[in-house]
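Reminder, nothing fancy here: chain letters follow the sequence lines and each chain counts from 1.
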Amino acid sequence: MTLILDPDDPAGWREAPATTSGGAHAAPGSHLTDGLNPEQREAVEYRGQALLIVAGAGSGKTRVLTHRIASLIESREAWPSQILAITFTNKAAAEMRERVENLLGEAASGMWISTFHSACVRILRREAEAIGLSSTFTIYDSADQRTILKRIIKELDADTLGFTPASAQAKISKLKNELADVESYARNANTNDPQEVMFLEIFRQYTRRLREASALDFDDLISETVYLFRAFPKVASLYQRRFRHILVDEYQDTNHAQYALIREFTQPVPRDRVVEMEQHGVNVRGVTDAAGGIPGASLTVVGDSDQSIYAFRGADIRNIVEFERDFPGAKVVLLEQNYRSTQNILSAANAVISNNFDRKEKKLWTADGDGDQIVGYTGYTAHDEAQFVADEIESLHRAGVAYRDIAVFYRTNAQTRALEEIFVRSALPYRVVGGTKFYERAEIKDAMAYLIAVANPLDELALRRILNTPKRGIGPATETALASFAEQNGLSFRQAMRAADGLGLGPKVTSAITTLANVLDEAAAMLVPSAAGIAAGTNEGASKVSDVLVFLLERSGLIDALRNSRDPQDETRAENVEELVAQTRDFDRENPQATLVDFLTQVSLVAAADELDDASGTVSLMTLHTAKGLEYHAVFLTGLEEGLLPHQMSASEPGGPAEERRLFYVGITRARKRLFLSLAMSRAQFGEVAVAMPSRYLQEIPEGLIDWRQSPGMATSRGGTQPRALNARRPGGAWGTRDRDLERFSVTKSAAPKAEWANRVTGTVRDNGDLTLEAGDRIRHVDFGEGRVTQVTGEGTKRIAHVNFDTAGQKKLLIKIAPIEKL
DNA sequence: ATCGTCGATTTTTTT
DNA sequence: AATCGACGAT
């Protein structure tokens, strides 16, 4: 029996599989390949150093990945702790873990299945001191980055050279994704260019401040792990020894730093170091090869270059395109059969994506038949479009489709407004996934800053945030005084606060500062485990996260300030803070051994898609980016207009329009049975109403596939719906285009004033107070005209009228706010 | 130090 | 339309 030391658990020795090298493997259980097509089966069963699975949308890649992992373990070729699977979101990780557990049962525990960022944090916290970090380092999000850069740019007067926090942030992120640091940038910088010199200074200061605060930004999490492995090969060897099988999902969206990290993980360990490791008590039996070294881990990547949509964040499509060159002898398996969508949906997707040149030809197909036609609709305004979506959702729901099986996608978060307004009015249960997140609310960030300040006393950003929140009379002057006192005496901001007595500030201010410092100290004391806990290396005896939070909220006066405020919005803010307390209670209950730092880490790394609750009975609204990897019975793609998809901003970027097309492709392929494409002819931007043109991608879909309820050509300037052949030719090429295909979307060039066709569904909202309606009442609605109430449901402000309109058909309306009057 | 008003600026997508 | 920052009044 071979024993393998698990670096995760230095005290725990685990049993290793019976055989790990040479000889015939036990045949993987056939239940793992039953029902798979030949390609899928090959992807599960192939054994070798490198495997690329080119998995078209809906081709069952998660199934292949989970079965492959299960097969490795069941055949005793690998121990669970030797598996490292990287997914794109925590939700995908959780799902993969669950599915592997379903295949293997208890045997699945010990695997690392997580996102790049979570895995790196786990490694970095463990090895923090090697690279001069506190193991309680803070993770800065983009808002934090922006705050710091804003201060730096102001101090350096860098705005005179055209620097903005956003531009500096983008540039720093780009550099870090390429594994460039301040030194390497300095070496290549042109010292004659004042702009580059200034940027270098910004970059230098930014790096220094994060260092001093013991903080890392998102990009650092990856790059610092790479640096760690490169600077400390012995540390790297521990992980190279442990992880024998690396599996990476969504490989087309990896950036250079992530690629470099994968390469580090898959490096072999030379014999000399193996000998050294053995001398230090690291068990390597069962993983060495004939030469005495540890061979590089096997690598499986899954991806689809047609779904690469993160170039803006440094994703390098070459990682997948050049995989075979990077890993000689790599096996490639192509999965083209689709198990998700109808052929009509797939034909549309194939047609659209085939317009991207420079791609490997790939055609999705299904054996399940054509299915329903795709439905198209052109609204007059965004609200009109939203009303179409709401109506169709209601009619799907009446036909038996659950709300949770329906999703609405859009390109930009701003587009949620019109959709939400109409959905609220229509009493449609929905949830916006991502968007303005709970943890981005100011009051939540304040409360979190208290926790961060306790967990990581070096974090100046968090301290400065809470210094005068709630108001304690500590203004910018005092803040600056503290900061410079700290600077001059080589103290941290926190230490300066403790020493505030000697600064000669006003007595009131001084006492406010020391009181806060004491509260933080007391909270920090609550987190120290008991002697027994320390001895056992556990968190035993430390206060729960929720208790620390409640202590901080009460003693800092934050919660009282919100409750006693005259600002009516503060009531909601207080409720949000209560919700945060409830979340920490949940966290404590679900993770009894976890620390405050664990909680902060989890919060930092939640992805938009992680918020999805499969059990909720609501329609999901999300961006096209968030939609990647998900699937729904019915999908609505909205805002299919030039300037939105493709987005205006993408036009100037190389490869922009092609990436936007992939985004459209990703959206289409999320749909299982029903696909709805919609757009508006006018859209409000910055408060101004602008005329919108149909997206160029719409015409790439073969005409017969779409049933236009109201086509762009039909939606005339007067708001009428004169039926007109989709491909009716109009002389002169409307909209000044020569492209004949565009004409099927043409509208009359002499567009009438906007006011005339903004007469459809509007954003009108009113407060009807306690208007009472009952079945049988006649009402008039601003947009839908007259109708008869058939039923009233719900209570209080949520009362809903079900109305049969004379011309507009059946609708549900939230009585309190619908623009209606009783007749 | 705090509060209120005016004007500028904003929207791409996210771990 | 709405948020954010600068500036001036209290």
Side-chain angles (χ1 to χ4, degrees), chain A residues 86-93 114-121 139-143 145-147 150 154 159 164-166 169-170 173 176-177 216-223 250 253-255 257-258 308-315 382 409-418 421 433-437 440 442 467-468 470-479 505-506 508-509 512 566-567 601 603-610 622-628 639 643-653 656 659-660 662-664 666-667 683-690 763:
Chain A
I86 304 283
T87 58
F88 205 64
T89 64
N90 296 298
K91 182 171 185 282
S114 69
T115 63
F116 270 109
H117 292 84
S118 302
C120 287
V121 170
I139 300 165
Y140 281 175
D141 64 16
S142 351
Q145 285 184 293
R146 187 162 295 202
T147 308
K150 204 181 283 169
K154 200 170 176 185
D159 55 332
T164 64
Q169 188 181 19
S173 175
K176 288 187 177 181
N177 285 334
L216 297 177
D217 63 30
F218 278 128
D219 302 315
D220 286 333
L221 296 179
I222 313 295
S223 58
E250 308 285 8
D253 283 323
T254 51
N255 61 34
Q258 291 165 334
S308 164
I309 55 174
Y310 280 104
F312 72 91
R313 161 175 118 175
F409 302 154
Y410 36 82
R411 177 65 175 84
T412 68
N413 287 116
Q415 289 168 251
T416 53
R417 181 158 299 148
E421 281 170 9
V433 182
T436 314
K437 284 176 231 122
E440 283 169 12
L467 193 61
N468 198 32
K471 303 257 179 292
R472 333 185 142 82
I474 304 174
T478 311
E479 189 180 327
L505 295 161
K508 234 177 152 175
V509 176
R566 282 185 301 117
D567 186 341
T601 303
V603 170
S604 299
L605 298 181
V606 289
D610 298 340
M622 69 189 85
T623 64
L624 285 163
H625 284 89
T626 303
K628 190 169 73 150
L644 224 39
L645 191 79
H647 196 276
Q648 201 78 49
M649 291 295 154
S650 72
S652 52
E653 290 161 22
E659 174 142 325
E660 298 282 306
R662 290 194 291 270
L663 210 40
F664 188 39
V666 166
R683 192 167 291 271
Q685 207 179 6
F686 309 139
E688 299 273 290
V689 178

Nearest-angstrom distance from the residue atom CZ of A/R411 to P of B/dT13: 7 Å
Taking only the P atom of each, what is the distance from B/dT13 to C/dC4 in whole angstrom? 16 Å
Name the orientation class of the two ring planes belonging to A/Y310 and A/F88 (parallel below 30°, tilted from 30 to 60°, perpendicular beyond 60°). tilted
Inter-nucleotide C1' distance (B/dT11, C/dA6), Å rounded: 23 Å
Proximal nucleotide (of B/dT12, B/dT15, B/dT13) relative to the A/H647 side chain: B/dT12
Rounded to whole Å, how long is the line connecting atom CD1 of A/I222 with atom P of B/dT14? 18 Å
Could you tell me the separation between the NE2 atom of A/H117 and the C1' atom of B/dT15, rounded to a whole number of Å? 4 Å
Going by 5.5 Å between centroids and 30° between planes, is there a stack of A/F312 over B/dT13? yes
What string of B, S and - do you get for nucleotides 1-9 of chain B, 5' to 3', when a contact is any protein heavy atom under 4.0 Å? SSS------
Quickly work out the A/L663 CG to B/dT12 P distance and round it to whole Å. 14 Å
Any residue meeting ring-ring contact (aromatic ring centres under 6.0 Å, His included) with A/H647, in chain and number order, not counting sequence neighbours: none
May I ask you to say what A/T626 touches in the nucleic acid, namely base, sugar-phosphate or nothing, with a heavy-atom cut-off under 4.0 Å? sugar-phosphate
Using the 3.5 Å cut-off, write out each protein N or O paired with an N or O of nucleotides 2-10 of chain C and the distance between them.
from  : atom 1 : to     : atom 2 : distance (Å)
C/dG5 : OP1    : A/K150 : NZ     : 2.6

Looking only at side-chain atoms of A/T115, point me to the closest of B/dT15, B/dT13, B/dT11. B/dT15
Whole Å only: how far is the CG atom of A/N255 from the P atom of B/dT14? 17 Å
Judged by atom type as modelled, is there a donor-acceptor pair below 3.5 Å linking the side chain of A/N177 to the main-chain atoms of A/R313? yes
For A/F116, enumerate each residue passing the ring-ring contact (aromatic ring centres under 6.0 Å, His included) test, keeping only those at least two apart in sequence or located in another chain. none
Rounded to the nearest 0.5 Å, what's the gap from NZ on A/K150 to NZ on A/K154? Could you check? 9.5 Å
Verify whether one side chain among A/T412 and A/Q415 offers a donor that lies under 3.5 Å from an acceptor in the other. yes
What is the nucleic acid contact for A/Y310, judged by heavy atoms within less than 4.0 Å: base, sugar-phosphate only, or nothing? sugar-phosphate
Rounded to whole angstroms, how far apart are CG on A/N90 and C1' on B/dT14? 13 Å
Excluding sequence neighbours, so at least two apart, what forms salt bridge (charged side-chain N to carboxylate O under 4.0 Å, His left out) with A/E660? A/R411
I want to check one thing: is the phosphate of B/dT13, taken as OP1 and OP2, less than 4.0 Å away from some side-chain N or O of A/N413? yes
Short question: side chain of A/Q258, backbone of A/N255 - any donor-acceptor pair under 3.5 Å? yes
A/K628 NZ to B/dT14 P, in whole Å, measures 12 Å
Kindly write out the residues that satisfy salt bridge (charged side-chain N to carboxylate O under 4.0 Å, His left out) with A/R472, not counting sequence neighbours, or none if the list is empty. none
Mind calculating the distance between CD (A/Q169) and P (B/dT14) to the nearest angstrom? 14 Å
For A/H625 and A/F312: C-alpha separation, side-chain torsions, deciding distance, then whether side-chain contact (heavy atoms from CB on, under 4.5 Å) applies. CA-CA 12 Å; A/H625 284 89; A/F312 72 91; 3.7 Å; yes
